[in-house]
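In this chain, residues are counted from 1 in sequence order.
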Amino acid sequence: MFAYELQQARHADLLREADAQRLANIARAARKARRALARRSGHNAPEGQVNTDHGRFVTAA
């Protein structure tokens with residue numbers, strides 16, 4: 001009887017681990033899709049982001 005209870009506990013642990021892994025995979029895929037969408041929309045163009053803050057440094061003499 002004890003072996004059966006151990007097996008049931010291990011089974012429950014494996015189900016919890018599989019569920020956590022599934023959620024992590026879904027989150028990873030969502031992040032990847034969000035980055036791909038940002039690339040396609042031109043948010044970060046392939047050439048890179050342009051810095052428009054020109055007043056940060058003084059001009060050289």
Side-chain angles (χ1 to χ4, degrees):
M1 194 61 158
F2 183 68
Y4 176 75
E5 291 172 3
L6 282 177
Q7 185 271 332
Q8 290 290 41
R10 179 66 181 146
H11 179 72
D13 286 343
L14 288 174
L15 287 177
R16 279 191 292 275
E17 287 178 25
D19 219 15
Q21 186 65 37
R22 192 176 306 111
L23 284 174
N25 288 340
I26 290 170
R28 191 176 303 117
R31 265 195 319 270
K32 186 176 179 180
R34 192 172 51 240
R35 283 193 306 260
L37 180 64
R39 276 195 307 270
R40 278 194 307 265
S41 70
H43 182 340
N44 288 328
E47 294 85 17
Q49 219 169 6
V50 177
N51 185 5
T52 59
D53 187 18
H54 298 291
R56 195 165 34 163
F57 300 106
V58 297
T59 56

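By the side chain to side chain donor-acceptor pair (under 3.5 Å) test, Arg28 is found to be paired with Asn25, residues two or more places apart in sequence or in another chain being considered. Not counting sequence neighbours, the partners of Asp19 by the side chain to side chain donor-acceptor pair (under 3.5 Å) test are Arg22.
Atoms CD and CD1, on Gln21 and Ile26 in that order, are 11.0 Å from each other to the nearest 0.5 Å.
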Please tabulate, for side-chain N and O atoms in residues 1-15, each donor-acceptor pair with protein atoms closer than 3.5 Å (sequence neighbours left out).
from  : atom 1 : to    : atom 2 : distance (Å)
Tyr4  : OH     : Gln8  : NE2    : 2.6
Asp13 : OD1    : Arg16 : NH2    : 2.4

